[in-house]
Participant: 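Please see the structure below; I have some questions.
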Amino acid sequence: MSVDTATVKRIASLARIAITDAEAERLAPELGNILGWIEQLGEVDTASVEPMTAVIPNTLRLRDDVVTDGDVRDAVLANAPQAEHGFFAVPKVIE
Amino acid sequence: MTHVTDLGVAAIRDGVRAGTFSAREVAEAFSARVAGAAALNAFLVQTPDHALAAADAADKARAAGEAPKPLAGVPIGMKDLFCTKGVASTAASHILEGFTPPYESAVSQKLWDAGAGMLGKLNMDQFAMGSSNETSAFGNVISPWRRNDGGNAPLAPGGSSGGSSAAIAARLCPAATGTDTGGSIRQPAAFTGIAGIKPTYGRCSRWGVVAFASSLDQAGPMARDVRDCAIMLEAMAGFDPRDATSLDLEVPQWEAGLSSDFKGKKVGIPKEYRVENMPAEIEALWQQGVDWLKDAGAEIVEVSLPHTRYALPAYYIIAPAEASSNLARYDGVRYGLRDLPEGANLQEMYAATRAAGFGDEVKRRIMIGTYVLSAGYYDAYYTQAQKVRTLIARDFEAVWARCDVLLTPTAPSAAFALGEKNADPLAMYLNDVFTVPSSLAGLPAMSVPGGLDAAGLPLGLQIIGKPLDEQSVLNAGLAIEQRAGFTARPEAWW
Amino acid sequence: MTESTYRIQGATGEWEVVIGLEVHAQVTSNAKLFSGASTAFGAEPNTQVSLVDAAMPGMLPVLNRECIRQAVRTGMAIDAQINKWSRFDRKNYFYADLPQGYQISQLYHPLVGEGSIDIEVDDATKTIGVERIHVEQDAGKLMHDQHPTRSYVDLNRSGVALMEIVSRPDMRSPAEAGAYLRKLRSILRYVGSCDGNMEEGSMRADVNVSVRKPGDELGTRTETKNVNSVRFVMAAIEHEANRQIDVLEAGGRIVQETRLYDPDTGTTRSMRSKEDAHDYRYFPDPDLLPLELDDAFLDECRASLPELPGAKRARYLSQGITPYNAGVLTAEVETARWFDALLEAGAAPVQASNWVASELFGALNRLGKDIEQSPVSPSQAAELLGLVADGTLSGSLAKQVFEIMLETRDDPSKIVEERGLKQTSDTGAIEAEIAKVMAANPDKVADYRGGKDKLFGFFVGQTMKAMQGKANPQVVNELLKKTLG
Ligand SMILES: [Mg+2]
Ligand SMILES: [Zn+2]
């Protein structure tokens, strides 16, 4: 499996990780190597197999529709790199 | 004369209850050990006040004649993957530097409710991704063990719970929490000559534990022996309505149920675990383990887990895929690091923050995970991996008809030197070859020390059990422990 | 069923418009889909946010039963397939209003499958297919106008439950899209699963539009996001269809893209900010197990459904109510509820429907009130209609009494009693007044008897006036006919 630097950059961009050209070049063979190794899974005949949904038999529990949380703005904002007037602040977004 | 820091959980608990020593003495002694072991870099944060407060509460309760709590007087270490209220929690990553959770993880809260105190937050592989503790953003943990060749090569304590394993082996704490996604409790336990158990998936709440791979992550205890693991696990486990995957079951009394009598029980030896290039010493230890369990009364059966060789590649699809999504929340908006280059827009801020905040291995796994989930690849990689996972779980189900537990080595080698496997990520991933299959199937599994290799380094044996049957796993561990008589400990050089 | 004949005339001939709608409807619930924070509208920023909604490390989702119940009931209301096994997937993308870095949604196994909604356009019924309804989290809100260089993030909406109701591309005109949205809104409000309040954002539509020459294959579509009124949806379709036709006729091609509707200009424009977000890397949320529903749950959902607009309309028609009145009375759940209470109180269906559609609606319109604020209750109205039916009140007296009821909120019987507004059938009194009227108008009597039949109305009017409007008009008619000969 060979991964080119363009693919590495596309993936890095999807994952929102800034990378330099040099990093992309270093990562390309590394990821290619790992993905090539992973691809041996293709050998396994899984035609009649369902993908795993829960490792231990268990069903999804449902919660009652009751307000039990919230009203903790200080805790919510306490760790924010930038919080102003009760909001999180980010660089201006133009839509 | 034995020092209190040479004692394990049960002995400390019993000593405090009997009044042989006070909880404060214990907390002070361990805190001093922690403070004196900076060279190991096992602790990221020291919290002697927390330990002392719990100790004082224990002493006060005893003086007042109150019924003792299960862990009253026992100070422990907390892996930094657990969010602890008011105490910095970073998952050993720069991206969470400065993060102080306004909440307490379910498992740590249960431990405090049981009377335990916290000595500090333990170093680990960044976001629990690694098998040697070399991916921590705050420096390697150095194993207290050294080879007996006279060299001083610093060794890996295993990972990702390497701070936990090193601290226990060095007697900085009698027990610690770990988390295990693909072997992160068992492999470091094996590398440092201690015991550790990953319970059935869903036994311990994941609420408040920084997520790596949600369908695999399980908390569990690490301690010097099997009984201490049982005591700790009883305090850590239990239903939590805040975790949708938590099992709504009573917590068994594992300590009371301990028995090393294996008469009438069957132990399976999976032939696929006899991998190529396995060191002879590990082969020999495995055989030794078989003999010990026979001696305990067990019948040995050879079994087959035919999809074993596909476990590791399946794991390295599923875990990174889940991680790539779980780690998307680290974006510099609500907590942790923000890197905002001059003039950067929102998306550029994300990319800069994540580039600066995540370490190389974390980035590598996020990239792999992003790749395997991306358009056109999802079915070939992710869906196929989850199907293979079904087959792996079926393999285990099939063998439970023939045996009660499985015995295997924990890791394919003893501890390696720091830096030895850094160059090749794949070589590092292969460390988890024996621990990953049971993780994929959500099964309880533990590592107990079996002996030393020629270089004087510990080797571990792994016991894998049926879903929810931690008791048989602990009991097999106890049977081995009693026969192995493992007493070796690293000499203090730090 | 009739095919729409809506066409847009272009330079190269007629074009057909193909429309599909994805409606996001906020599920009526107290708490959010996966957290215990409140969903109430209009709170201070970030006060209705739990640590789960803020995606703090280690926080986990736990599903709200009521949100699932409401989505299932909605599915049942459009005769859709309810999937007893469904699950939640993560839709991964980075945006400041999305704290987790993914939205928990349902791609592969939605809760609700195929269903349909009947709409009436130009007196014909058309069935619009619904492909699916899935349940997902809403995002937070970004404010761009509070600071020159920063946007502010409010997570109060983050994690509120939405139903995404995805139609088939079965609509062929802005009018059909409008009718579909209105009908859907009506159903949601009948079911009680969404308040349908478009101003507060409880319902938003993503509008998929393509154009083609009639009979051609489907063209490339664009998706105009988050349009928040029926009128805007219709305007957006019209603009977008015309824009696409202009592009195609100029030899260009349509780019599949996300667009934004600007209500100020009535136009749509490309949304650059979403351009690179197309690879969502959906996969099952590993924090959640599959959602499995049992028969008892489904039975309860079904049993709790009210009579829906279609069934109600059919019932009204069978009671002799006109199609127009039946339509008006069933359009809004509050109206139907009020009208049913009126029937329950004993009013005769046909008379009651006419009275509500004319008298009551007229009065409420004048007063600027909606039906829930009506000063006259259904039981009072039933009493009023009863007084007409048993001859106590004439039509005009009933109008008078109703006006007084609107002002005083008194019962009609009390008003009739106190003000002596009772209609009289006392033939002696009426005959006496007729005699006076005839005596005062001898010429008119002569003209009438000479063949000017039209003058009959004049005598009725004069007699009624003399009786202060209280005479039974039927008795007046009979007596006049007899006396005038
Ligand atoms: Mg949409
Ligand atoms: Zn949606």
Side-chain angles (χ1 to χ4, degrees), chain A residues 3 7-8 10-20 23 26-27 30-31 33-64 69 72 74-83 88-94, chain B residues 98-100 102-103 200-202 215 241 244-245 247-248 307 310 313-314 316-317 324 331-338 340 344-352 354-355 358 363-364 366-368 370-372 374 380-381 383-391 393 425-426 440-442 467-468:
Chain A
V3 174
T7 305
V8 172
R10 182 175 62 81
I11 296 299
S13 154
L14 261 182
R16 294 298 186 279
I17 297 174
I19 57 167
T20 61
E23 283 170 312
R26 177 174 59 75
L27 274 165
E30 213 172 84
L31 296 185
N33 209 13
I34 295 167
L35 290 166
W37 169 70
I38 282 169
E39 274 175 3
Q40 61 179 295
L41 276 193
E43 296 165 13
V44 186
D45 179 4
T46 56
S48 56
V49 181
E50 285 297 318
M52 172 76 81
T53 53
V55 281
I56 299 298
N58 196 358
T59 47
L60 189 61
R61 282 181 312 276
L62 301 168
R63 201 183 82 237
D64 288 339
D69 208 339
V72 288
D74 291 348
V76 163
L77 297 176
N79 282 283
Q82 192 169 40
F88 296 101
V90 296
K92 196 164 196 94
V93 178
I94 296 124
Chain B
F99 175 60
T100 307
Y103 51 94
T200 308
Y201 180 81
S215 74
T245 60
L247 293 167
D248 191 359
H307 296 91
Y310 299 109
Y316 275 97
I317 291 170
S324 70
D331 59 8
V333 175
R334 294 165 314 285
Y335 42 77
L337 182 78
R338 168 182 289 193
L340 181 58
N345 67 24
L346 177 73
Q347 301 293 343
E348 289 158 354
M349 179 187 92
Y350 290 157
R354 293 162 62 79
F358 290 137
K363 288 181 195 171
R364 191 178 291 128
I366 290 175
M367 297 274 282
I368 300 263
T370 303
Y371 183 89
V372 299
S374 66
Y381 288 108
T383 308
Q384 176 72 356
Q386 288 287 26
K387 287 178 171 181
V388 169
R389 191 175 181 185
T390 299
L391 292 173
L426 268 184
L440 287 172
L468 307 177

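Numbers restart at 1 for each chain; the letters A, B, ... are given by sequence-line order, proteins then strands. Since we're looking at a predicted model, the values are computed, not measured.
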Participant: Strictly distance-based, threshold 3.5 Å: is any side-chain N or O of B:Thr370 a donor or acceptor partner for the main-chain N or O of A:Ile11?
Facilitator: no

Participant: Name the option with the most non-hydrogen atom pairs under 4.5 Å to chain A; the candidates are B:Thr383, B:Leu340, B:Ile317.
Facilitator: B:Ile317

Participant: Specify which of A:Ala83, A:Ala12, A:Ala78 makes the most heavy-atom pairs with chain B at under 4.5 Å.
Facilitator: A:Ala12

Participant: Distance-only, no hydrogens or angles: does the B:Gln384 side chain make a donor-acceptor pair with backbone N or O of A:Thr46 under 3.5 Å?
Facilitator: no

Participant: Any side-chain to backbone donor/acceptor pair from A:Thr20 onto A:Glu23? Under 3.5 Å, distance only.
Facilitator: yes

Participant: Return the option, out of B:Tyr201, B:Tyr310, B:Tyr103, with the maximum number of heavy-atom pairs under 4.5 Å with chain A.
Facilitator: B:Tyr310

Participant: Please classify the contact of A:Ile56 with chain B as side chain, backbone, both or neither, using a heavy-atom distance under 4.5 Å.
Facilitator: side chain

Participant: Would you mind telling me which of B:Pro313, B:Ala441, B:Ala385, B:Ser374 has the largest number of heavy-atom pairs within less than 4.5 Å of chain A?
Facilitator: B:Pro313

Participant: Between B:Lys363, B:Glu348, B:Arg334, which shows the greatest number of heavy-atom pairs under 4.5 Å with chain A?
Facilitator: B:Arg334

Participant: Which one, A:Lys92, A:Glu43, A:Arg63, leads in non-hydrogen pairs under 4.5 Å with chain B?
Facilitator: A:Glu43

Participant: Counting heavy-atom pairs under 4.5 Å with chain A, which one of B:Val333, B:Asp331, B:Asn345 comes out on top?
Facilitator: B:Val333

Participant: Any donor and acceptor pair, going by atom type alone, linking the side chain of A:Asn79 with main-chain N or O of B:Thr100 inside 3.5 Å?
Facilitator: yes

Participant: Ignoring hydrogens and geometry, is there a side-chain-to-backbone donor-acceptor pair from B:Thr245 to B:Gly202 under 3.5 Å?
Facilitator: no

Participant: Side chain, backbone, both or neither: which part of A:Thr7 has a non-hydrogen atom closer than 4.5 Å to chain B?
Facilitator: side chain

Participant: Against chain A, label B:Met349 side chain, backbone, both or neither, depending on which of its atoms sit under 4.5 Å from a heavy atom there.
Facilitator: side chain

Participant: With a 4.5 angstrom heavy-atom cut-off, is it the side chain or the backbone of A:Glu50 that approaches chain B, or both, or neither?
Facilitator: backbone

Participant: Holding to side-chain contact (heavy atoms from CB on, under 4.5 Å), I want the full list of residues that pass it with A:Ser48, two or more places apart in sequence or in another chain.
Facilitator: none

Participant: Within the side chain of A:Gln40, is there an N or O that forms a donor-acceptor pair under 3.5 Å with the backbone of A:Trp37?
Facilitator: yes

Participant: Which atoms of B:Ala380 are under 4.5 Å from chain A, going by heavy atoms: the side chain, the backbone, both sets, or neither?
Facilitator: neither

Participant: Which atoms of B:Ala352 come close to chain A, meaning under 4.5 Å heavy atom to heavy atom: side chain ones, backbone ones, both, or neither?
Facilitator: backbone

